[in-house]
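Computed over heavy atoms, backbone and side chain alike; hydrogens, waters and symmetry mates excluded.
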Amino acid sequence: MQISSRFTMAIHIFACIDTYEKDHKLTSEFLASSVNVNPVVIRRLLQQLKAAKLITVTRGSGGAAIAKPLDEITFLDIYHAVECVNHGELFHFHENPNEACPVGKNIHHVLDGRLDCIQKAMEDEMRQMTLADFLKDTRTYIQKENQ
């Protein structure tokens, strides 16, 4: 199972906001041109990020802006804002394993704890990564290209 592209698109949106906030109106159309998706997809992500209080969106002439200090926004915050994780669980377990089968009867006993450990490790790593670090690296790469 893959995490959807909503997470990476949301990260991309933050990079665009940080890069272009002084020079461009950050509309869904502008952001969509960088992400290379339909503006409707960007509007949906902006709504989710706004609901999580990670960005502000001013209708009309304002556009999007980052709502908190960059070092206070983690990758986990963004992930939680845009990913549709069922009951907080990264892995969706297949429905109704066969209770008459020795494997089906015991699959939850042997797999659930392992899946929880994997999810916890991923979330712990994401909690350590902030937008401040990511955007610093983004600026470095952009600066190198402009030299």
Side-chain angles (χ1 to χ4, degrees), residues 1-97 104 106-147:
M1 182 174 109
Q2 280 188 328
I3 294 172
S4 79
S5 61
R6 288 187 301 267
F7 174 70
T8 55
M9 285 190 286
I11 298 286
H12 190 136
I13 288 168
F14 279 104
C16 282
I17 293 170
D18 182 68
T19 302
Y20 297 114
E21 66 186 343
K22 293 179 179 82
D23 302 319
H24 295 278
K25 188 167 86 168
L26 298 166
T27 64
S28 58
E29 288 78 14
F30 179 83
L31 296 169
S33 71
S34 178
V35 180
N36 203 23
V37 297
N38 189 297
V40 172
V41 174
I42 298 300
R43 282 192 283 277
R44 197 171 303 125
L45 286 169
L46 291 174
Q47 289 171 349
Q48 291 174 303
L49 294 169
K50 182 180 176 184
K53 297 182 174 37
L54 300 178
I55 65 165
T56 59
V57 179
T58 307
R59 293 200 182 270
S61 62
I66 300 172
K68 299 166 108 176
L70 299 177
D71 61 350
E72 293 180 18
I73 300 174
T74 68
F75 275 31
L76 187 60
D77 295 328
I78 298 165
Y79 171 77
H80 282 160
V82 300
E83 286 298 332
C84 301
V85 180
N86 192 21
H87 304 296
E89 296 175 357
L90 176 61
F91 297 97
H92 177 74
F93 216 101
H94 54 284
E95 303 294 325
N96 304 315
N106 292 294
I107 193 71
H108 277 285
H109 298 292
V110 295
L111 192 54
D112 286 353
R114 288 174 171 89
L115 296 179
D116 288 343
C117 285
I118 292 167
Q119 181 172 341
K120 183 182 179 322
M122 182 193 83
E123 290 177 352
D124 288 346
E125 286 296 317
M126 292 177 90
R127 195 175 284 113
Q128 300 304 311
M129 297 178 189
T130 68
L131 272 184
D133 297 327
F134 164 75
L135 293 173
K136 178 182 168 217
D137 291 344
T138 302
R139 290 181 208 121
T140 299
Y141 277 98
I142 291 170
Q143 205 170 36
K144 284 180 185 178
E145 287 182 355
N146 290 332
Q147 292 178 352

**Asked** With a 4.5 Å limit on heavy-atom distance, are the side chains of Met126 and Thr74 in contact?
**Response** no
**Request:** Mind listing the closest non-hydrogen atom pair of Phe7 and Phe75 along with its distance?
**Result:** CE1-O, 3.3 Å
**Item:** Straight-line distance of Ser28 OG to Asn38 CG, nearest 0.5 Å
**Value:** 9.0 Å
**Item:** Ile42 CD1 to Glu29 CD distance, which is reported to the nearest 0.5 Å
**Value:** 10.0 Å
**Asn146 side-chain N/O to Ile142 backbone N/O, donor-acceptor pair under 3.5 Å** = yes
**Item:** Heavy-atom pair of closest approach, residues Asp77 and Leu54
**Value:** O-CD1, 3.9 Å
**Request:** Quick one: pull up CZ in Arg6 and OH in Tyr79 and give me the separation to the nearest 0.5 Å.
**Result:** 9.5 Å
**Request:** Applying side-chain contact (heavy atoms from CB on, under 4.5 Å), run through Leu70 and Thr130 and close with a yes or a no.
**Result:** CA-CA 7 Å; Leu70 299 177; Thr130 68; over 6 Å; no
**Request:** Walk me through it: do Asp137 and Thr140 pass the test side chain to side chain donor-acceptor pair (under 3.5 Å)?
**Result:** CA-CA 5 Å; Asp137 291 344; Thr140 299; 5.1 Å; no
**Asked** When rounded to the nearest 0.5 angstrom, what distance separates CD1 in Ile13 from CD1 in Ile66?
**Response** 11.0 Å
**Asked** So how far is it from Leu76 CG to Met122 CE, rounded to the nearest 0.5 Å?
**Response** 7.0 Å
**Prompt:** Which class fits the ring pair Phe30 and His24: parallel under 30°, tilted 30 to 60°, perpendicular over 60°?
**Reply:** parallel
**Message:** Which heavy atom of Val57 sits nearest to which heavy atom of Lys50, and what is that distance?
**Reply:** O-NZ, 4.0 Å
**Fill in**
Between the NZ atom in Lys53 and the NZ atom in Lys68, the distance rounded to the nearest 0.5 Å is 9.5 Å
**Message:** Please give me the minimum heavy-atom distance between Ala10 and Leu45, naming the atom from each residue.
**Reply:** N-CD1, 4.3 Å
**Request:** Grab the two heavy atoms, one from Gln48 and one from Val82, that are nearest each other, plus how far apart they are.
**Result:** NE2-O, 3.7 Å
**Asked** Yes or no on salt bridge (charged side-chain N to carboxylate O under 4.0 Å, His left out) for Asp124 and Lys120, after CA distance, side-chain angles and deciding distance?
**Response** CA-CA 6 Å; Asp124 288 346; Lys120 183 182 179 322; 2.8 Å; yes
**Message:** Does His80 form a side-chain contact (heavy atoms from CB on, under 4.5 Å) with Glu123? I'd like the steps, not just the answer.
**Reply:** CA-CA 10 Å; His80 282 160; Glu123 290 177 352; 4.1 Å; yes
**Asked** Under the 3.5 angstrom rule, does the side chain of Ser34 hit a backbone N or O of Leu31 as a donor-acceptor pair?
**Response** no
**Request:** May I ask you to decide if Ala15's main-chain N or O and Asp18's side chain share a donor-acceptor pair within less than 3.5 Å?
**Result:** no
